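Reminder, nothing fancy here: chain letters follow the sequence lines and each chain counts from 1. Keep in mind the model is a prediction, meaning the values are calculated, not measured.
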Protein chains: 2
Amino acid sequence: MAQEFEELKLCNQLCFPLYACAKEVVRMYKPYLDEFDLTYTQYIAMLVLWEQEEISVKQLGELLYLDSGTLTPVLKKLEQKGYLHRERSKEDERVLLVTLTEVGEELKQKAVKIPRQMGACMKLEPEEALTLHRILHKLLDGCTDS
Amino acid sequence: MAQEFEELKLCNQLCFPLYACAKEVVRMYKPYLDEFDLTYTQYIAMLVLWEQEEISVKQLGELLYLDSGTLTPVLKKLEQKGYLHRERSKEDERVLLVTLTEVGEELKQKAVKIPRQMGACMKLEPEEALTLHRILHKLLDGCTDS
DNA sequence: AAACACTACATTGTACACAATTAAATTTAC
DNA sequence: GTAAATTTAATTGTGTACAATGTAGTGTTT
């Protein structure tokens with residue numbers, strides 16, 4: 001009878017724990033990020049810049065799965081804070097290049113403690129963390145094909 | 001040398017694929033939900049009501065990990081669409097009770113196809129889906145303790 | 001080289017999400 | 001039995017997210 005509605009139960013959804021978990025984890029970052037006056041979105045943008053030093057908005061968007069509508073205000077904020085510069089490419093004026101400032105580069109030294117603090121909060125076995133990482137990436141790949 | 005910054009690489013983060021994956025999955029729902037004129041947040045609220053018929057905003061918030069700041073406008077929208085009623089409890093005027101309307105109840109019949117359509121999009125082995133479900137719930141439990 | 005298509009980013013509008021505050025009802029303490 | 005504390009929603013302010021549109025620069029076609 002209710003059998004046909006089993007699929008609609010919240011506890012049988014895969015999407016829901018994914019959605020809720022992502023939000024909760026971002027929320028757990030907050031106290032650690034507050035110390036750096038960064039939001040989560042600003043933080044992941046900085047993660048990329050700490051790896052690359054310079055990148056276009058388009059490339060950054062591809063890495064973070066974000067479009068210019070989201071990135072433009074985030075990058076303007078980070079520029080205000082003095083962590084990066086935004087300037088048009090000489091070769092192609094359409095491209096906006098984002099570059100770390102000295103201050104932004106220095107922040108990296110202090111930021112290494114963030115992943116450590118978060119790791120301590122996430123109560124997963126190392127093997128579970130690896131499995132989770134693998135399955136999420138498989139799902140992500142599946143999303144972008146379609 | 002760069003060894004100490006390994007933890008800051010985007011590809012070594014667990015939080016990031018979680019965050020990105022959640023967003024992409026919500027995005028994949030959109031075409032199916034558009035058909036019902038529902039957003040993802042409205043949809044998960046309806047999932048709960050299809051199980052319960054009547055619930056307080058507080059209880060709903062606990063189930064969905066959302067606060068009244070998010071739920072109040074979402075529930076007002078669903079009321080506008082005619083899917084639910086919002087009225088104060090007689091026993092305790094502080095409590096706002098949300099109840100399915102006839103129309104909201106009927107929607108359940110058509111909505112069963114949504115999880116099926118989404119299931120077909122998520123290219124995971126059944127066993128991976130179970131593992132993902134288990135690990136996400138473990139993580140979620142860990143979040144709420146702390 | 002002028003028209004056309006395309007690309008990269010910015011802007012606009014809608015909808016969350018959450019912290020912090022407010023407001024009203026209820027419970028607890030004294 | 002009233003003042004204080006607590007509880008439940010609503011409101012306000014800030015910051016994403018994303019679809020859709022706008023705009024300027026670049027490439028292509030003929």
Between CG of B:Leu64 and P of C:dC16 the distance, given in whole Å, is 12 Å
Could you tell me whether the phosphate oxygens of D:dA17, OP1 or OP2, come under 4.0 Å of any side-chain nitrogen or oxygen in A:Thr41? yes
For B:Tyr29 and D:dC18, give me the distance from atom OH to atom P, rounded to whole Å. 16 Å
A:Glu24 CD to C:dC16 P: how many Å, rounded? 18 Å
Would one find a side-chain N or O of A:Lys58 under 4.0 angstrom from OP1 or OP2 of C:dA8? yes
So what does A:Val26 hit on the nucleic acid, given a heavy-atom distance under 4.0 Å: a base, only sugar-phosphate, or nothing? nothing
With a cut-off of under 6.0 Å to the ring centre and 45° to the axis, is A:Lys23 in cation-pi contact with B:Tyr65? no
Roughly, in whole Å, what's the span from CG in B:Asp37 to C1' in D:dA19? 15 Å
Check whether any side-chain N or O of A:Lys23 sits under 4.0 Å from OP1 or OP2 of D:dA17, and answer yes or no. no
Distance in angstrom units between A:Leu66 CG and D:dG15 P, rounded: 16 Å
Look at the side-chain N and O atoms of B:Tyr65 and state whether any lies under 4.0 Å from the OP1 or OP2 oxygen of C:dC18. no
Scan B:Glu91 against the nucleic acid and name what it touches under 4.0 Å (heavy atoms): base, sugar-phosphate only, or nothing. sugar-phosphate
Quick one: bend of the helix from C:dA1-D:dT30 to C:dC30-D:dG1 from 5 pairs per end, to 10°? 10°
Under a 4.0 Å heavy-atom cutoff, the residues of residues 77-86 of chain B touching DNA chain D are B:Arg86
Residue closer to the 5' end of DNA chain D, B:Leu71 versus A:Ser89 (nearest nucleotide): B:Leu71
Mind calculating the distance between OH (B:Tyr40) and C1' (C:dC16) to the nearest angstrom? 13 Å
Whole angstroms only, please: what is the CG-P distance between B:Asp92 and D:dT7? 12 Å
Report, one pair per line, the protein and nucleotides 19-23 of chain C atoms (nitrogen or oxygen only) whose separation is under 3.5 Å.
unit_1: C:dA19; atom_1: OP1; unit_2: A:Arg27; atom_2: NH1; d: 2.9

Roughly how many Å is it from CE in B:Met28 to P in D:dA19, rounded to a whole number? 13 Å
Check whether any side-chain nitrogen or oxygen of B:Thr39 sits under 4.0 Å from OP1 or OP2 of C:dC16, and answer yes or no. yes
Nearest heavy atom decides the nucleotide; on that basis, is A:Gln42 or B:Gln59 closer to the 5' end of DNA chain D? B:Gln59
